[in-house]
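Only one structure is covered here, and it is reproduced in the block below.
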Amino acid sequence: MAALCSCSIQQRVKKADKKFAIGEYYDAAQIYKQCNSRIKAKQQRDLKAHVSFHLGECYRILNDGKAVNSYAQAIKYKYPDSIAYLRHGEVLMYQGRYKDAEKAFTTYLESHPDDYHAQASIYACQQVGEWKKVPTRYKVQVAKEFLAKRSSSFAPMFVGDNSDALMFTTNRQERTKSKEKKKAQRPSPVTGQQLFKLYSARKNASGKWEDIEPAEGLYDDAAAEGEAKNDSTSNGKALPEEMGVCCFSRDGKTMYFTYSRPVNGQDLGAKIYTSTRASGQWSEPQELTLFKDSSITCGHPALNATGDTLYFVSDAPGGFGGKDIWFAEYDGSQWSMPVNLGAQINTSGEELYPTIRSNGTLYFCSTGQPGYGGLDIFKAERDTTAIDSISGLGWAVYNMGAPFNSNGDDFGITFASEGEQGFFSSNRGQKKGIDVIYSFVLPEMEFIVEGKVVDNNNTPISDASIRLVGNNGTNTKLQVRRDGTYKIKLQKDTKYVMLGVARGYLNQKQELNTYDLSDSKTYTQDFTLSPISKPVTMDNIFYEFGKWELTPASETGLASLVKLLNDNPNITIELSAHTDYVGNDASNKELSAKRAQSVVNYLVQHGIERDRLTPVGYGEEKPVIADAALNKKYRFIPVEQALTEEFITTLTSEQQEICNQINRRTEFKVLRTTYKLY
């Protein structure tokens, strides 16, 4: 009985192998899975390893996370080909497990030390943490208008230069004209999902995408009924056709697309077909012959702006492994023999979904170039300094980075005819590997300066204004809002001088520049204007205890005073120092006079003319008279109350110290505003 059971399992494994060989990965996975649970590892270790590896291959191709465990099992049971380590690393990256993936790739390199794919993957695993810290300025979000429950939608493409028309590939369930859902067809033996078709969408007058429906003229019920009736392994079950991944001529009238159409029950693989649009419908598809060998698979077409070069994906002989990107040129009557795009683009991994912009920049997806995991989107620009010997073309290749790329599959990008905006597809964060269309846009870089103009008590000055002068010729004057706030737009690579002004206040000058910026930036620049008509207490001016020497902590406050005097070169000031009532009156006055002189000496040393400065020591003669701001801060001090010895001695010891501290101050007041004007 055990022998019969073993024979039965081996027969089923052979059937699964046959399905795997012709690309029916979903059906093959179902059989491998059933067999795997019945194989006894001790008696049939080699068969267990074989089934585990191929089950992992199916899961990997189907974007199923169970691939990680299947490859691990294949390695455990000594699968003879070290490619199991390479594949294990790939699916670990797909799950964002970069350290574990690096170990798997390193093991693979022990037997394949020159393998570029493994080397690039190790480099990516080591660098991806740094890459994520510097995302590009592009903003991406799910294009919710194209979502459909339990369905994949991907590879969007604008219809020529018309950015208001879009075609994409989807397997959403169709609806009849009466809006009822059509009966679901048999899932694809390749993916296990409903079959993919091309759907179109248009943008209405309000900018909303609508009329999302199958491409008109390509599909009809009669064609669905007449689909092929059998495949090579399924005893008469239907193997229907699929369409997807398209591109357009610049005028939008000719479409090239991938078409998988079984003939007489035999799956001949994907081909590229064309269709032309007339009277609102697409014509009967016609196969585009690129290779003489009809068994060669072709798909994912991308047409350049002039319509004479077609980029596409193929597994044709002469490639670098997996699927490569090729190109063919049109001479006006026929397409040339296809040429591989070369080693700067293609790797031993998979290169798919090319897109070519009008400026000649190529975008494509790859699992072989260094990336975040799965398929990543890459940008390739022509480079005449490094010509490929195969294609005769040179390319400089760049990973598009985050937020385009993730550890999932990111692919199928399309750009609107104007601006840096468009759509791409991704299965990031999707547990079942469903593909979702995302929109992207590169926001215009915006540089803003904003802030508030207040007086020394932090009260908004509503009639203040800001003057902005730039070295690019800008000369703007802006009135602040009632609450003292303002906001001004700046230009890139410009140096600005800003002046805060208000009647009855001293001016304040600030400088900023927008040089060397790679992203939008908002500067905050507040202005605190000092009144002309009353003394201004200088914060952060400190002296040694009982002495007149300035402490290092005074540097910030003193520098601010130097700046104020330079911003207002026509004023002269009285610089006064004050003490509290503690101690001898005469000694207090002498101490305050020396302190005022210390400040003046500092200002002179820093370039201020001495005849603009009048030092005065008042000792305890001029106690502070409380205003509303001081009352708000210290409720025990009434407004208009002079902080005299008589008042202070009525307070608690803690309150007395506060008042004495307030009286110990350095002030300035404006004497003249016409210095050297006449």
Distance in Å, D81 CG paired with L86 CG, rounded so as to fall on 0.5 Å steps: 9.5 Å

Gap separating the CG atom of N304 from the OG1 atom of T355, nearest 0.5 angstrom: 12.5 Å

Quick check on salt bridge (Lys or Arg N to Asp or Glu O under 4.0 Å): which of R87, K66, K19 does E57 satisfy it with? R87

Decide yes or no on side-chain contact (heavy atoms from CB on, under 4.5 Å) for R172 and Y199, but give the supporting numbers first. CA-CA 10 Å; R172 63 190 61 203; Y199 270 59; 3.7 Å; yes

When rounded to the nearest 0.5 Å, the distance separating OG of S151 from CG of D435 is 11.0 Å

Does C246 reach the side chain of M167, with side-chain heavy atoms less than 4.5 Å apart? yes

Ring centers of W335, F291 separated by less than 6.0 Å: no

Between D410 (side chain only) and I377 (backbone N and O only), is there a donor and an acceptor less than 3.5 Å apart? no

Hey, is the main chain of S314 close enough, under 3.5 Å, to the side chain of T297 for a donor-acceptor pair? no

Taking the inter-plane angle between the rings of H112 and Y108 on a 0 to 90° scale, is it parallel (under 30°), tilted (30 to 60°) or perpendicular (over 60°)? parallel

Check the pair F154, S426 against side-chain contact (heavy atoms from CB on, under 4.5 Å), reporting the backbone distance first and the verdict last. CA-CA 8 Å; F154 63 91; S426 175; over 6 Å; no

OH/Y256 to CG/L310 distance, rounded to the nearest 0.5 angstrom? 6.5 Å

Between the side chain of S391 and the main-chain N/O of L341, is any donor-acceptor distance below 3.5 Å? yes

On a heavy-atom basis, the closest approach of D376 and G408 is OD1-O, 4.5 Å

Below 4.5 Å, heavy atoms only, C-beta onward: do L393 and D388 meet side chain to side chain? no

Counting distance only, does the side-chain N/O of S260 pair as donor-acceptor with the main-chain N or O of E242 below 3.5 Å? no

Nearest heavy atoms of P354 and I325, plus distance in Å: CB-CD1, 4.1 Å

Check the side chains of S82 and S111 for a donor-acceptor pair under 3.5 angstrom, ignoring hydrogens and angles. yes

How are the rings of F440 and Y138 set relative to one another: parallel (under 30°), tilted (30 to 60°) or perpendicular (over 60°)? perpendicular

Result block: side-chain N/O donor-acceptor pairs under 3.5 angstrom for residues 94-105, not counting sequence neighbours:
unit_1: Y94; atom_1: OH; unit_2: N427; atom_2: OD1; d: 3.3
unit_1: Y94; atom_1: OH; unit_2: N427; atom_2: ND2; d: 2.8
unit_1: Q95; atom_1: NE2; unit_2: G65; atom_2: O; d: 3.2
unit_1: R97; atom_1: NE; unit_2: D100; atom_2: OD2; d: 3.3
unit_1: R97; atom_1: NH2; unit_2: D100; atom_2: OD2; d: 3.2
unit_1: Y98; atom_1: OH; unit_2: Y372; atom_2: O; d: 2.7
unit_1: E102; atom_1: OE2; unit_2: Q126; atom_2: NE2; d: 3.0

Does any donor atom in the side chain of N36 or Q73 lie under 3.5 Å from an acceptor atom in the other side chain? yes

Parallel, tilted or perpendicular: rings of F423 and F146 (30°, 60°): perpendicular

Go through it in stages, so that I can follow the logic: the residues are F378 and Y398, the test is ring-ring contact (aromatic ring centres under 6.0 Å, His included), and I'd like the CA-CA distance, side-chain angles, deciding distance and then a yes or no. CA-CA 6 Å; F378 290 84; Y398 310 91; 10.0 Å; no

Do L303 and T309 have side chains that get closer than 4.5 Å, going by heavy atoms? no

Minimum-distance pair of heavy atoms, taken over all atoms of G319 and N340: CA-ND2, 3.6 Å

Quick check: are there more than 12 heavy atoms from other residues, nucleotides or ligands sitting under 6.0 Å from NZ of K48? yes

Over all heavy atoms of both residues, which pair between D315 and K323 is shortest? Give the atoms and the distance, please. CB-CG, 4.5 Å

Working for side-chain contact (heavy atoms from CB on, under 4.5 Å), residues F404 and I413: CA-CA 10 Å; F404 281 107; I413 193 169; 3.8 Å; yes

So which heavy atom on V339 is nearest to which on I390, and how close? CG1-O, 3.7 Å

Taking the six-membered ring for Trp and the single ring otherwise, decide whether the centroids of F424 and Y363 are under 6.0 Å apart. no

Are L166 and V159 packed together at the side-chain level, in the sense that at least one heavy-atom pair is separated by less than 4.5 angstrom? no

Donor-acceptor pair, K271 side chain versus I296 backbone, under 3.5 Å? yes

In the structure I gave you, are the side-chain heavy atoms of V313 and F364 within less than 4.5 Å of one another anywhere? no

Given side chains that start at C-beta, do those of I31 and K15 come closer than 4.5 Å, heavy atoms only? yes

Ring of F415, cation from R357 - is the NZ or CZ under 6.0 Å from the centre and inside 45° of the axis? yes

By side-chain contact (heavy atoms from CB on, under 4.5 Å), T347 pairs with (sequence neighbours left out) Y116, E351, S366, Q369

After noting the C-alpha distance and the side-chain angles of S70 and S52, does the key distance pass the side-chain hydrogen bond (donor to acceptor under 3.5 Å, both in side chains) rule? CA-CA 5 Å; S70 294; S52 296; over 6 Å; no

For H50 and D46, indicate whether the former's side chain and the latter's backbone hold a donor-acceptor pair under 3.5 Å. no

Does the structure place the NZ or CZ of R428 under 6.0 Å from the centre of the six-membered ring of Y438, at an angle of no more than 45° from the ring's axis? yes

Please verify the inter-ring angle class for H88 with Y71; under 30° counts as parallel, over 60° as perpendicular, anything in between as tilted. tilted

Sub-6.0 Å ring centroid separation between Y353 and H300: yes

Mind listing the closest non-hydrogen atom pair of A74 and F53 along with its distance? CB-N, 3.6 Å

Is there a donor-acceptor pair closer than 3.5 Å between any side-chain N or O of T170 and the backbone N or O of S152? yes

Tell me whether the rings of W395 and Y311 are parallel (<30°), tilted (30 to 60°) or perpendicular (>60°). perpendicular

Test your reading of the model: is there a side-chain donor-acceptor pair from D211 to the backbone of R202, 3.5 Å cut-off? no

Do F20 and Y25 make a side-chain contact, defined as non-hydrogen atoms from C-beta onward lying under 4.5 Å apart? yes

More than 12 foreign heavy atoms under 6.0 Å from OH of Y26: is that the case here? no

Between K132 and E130, does any NZ, NE, NH1 or NH2 come within less than 4.0 Å of an OD or OE carboxylate oxygen? no

One pair to check against side-chain contact (heavy atoms from CB on, under 4.5 Å): I356 and T361. What are the steps and the verdict? CA-CA 6 Å; I356 189 82; T361 301; over 6 Å; no

With rounding to the nearest 0.5 angstrom, report the SG to NZ distance, C58 to K33. 12.5 Å

Given side chains that start at C-beta, do those of K144 and W209 come closer than 4.5 Å, heavy atoms only? no

One should read off an interatomic distance between S153 OG and E145 CD, to the nearest 0.5 angstrom, of 11.0 Å

Between S425 (side chain) and A155 (backbone), is there a donor-acceptor pair under 3.5 Å? yes

Test item: T258 side-chain N/O and M243 main-chain N/O as donor-acceptor pair under 3.5 Å: no

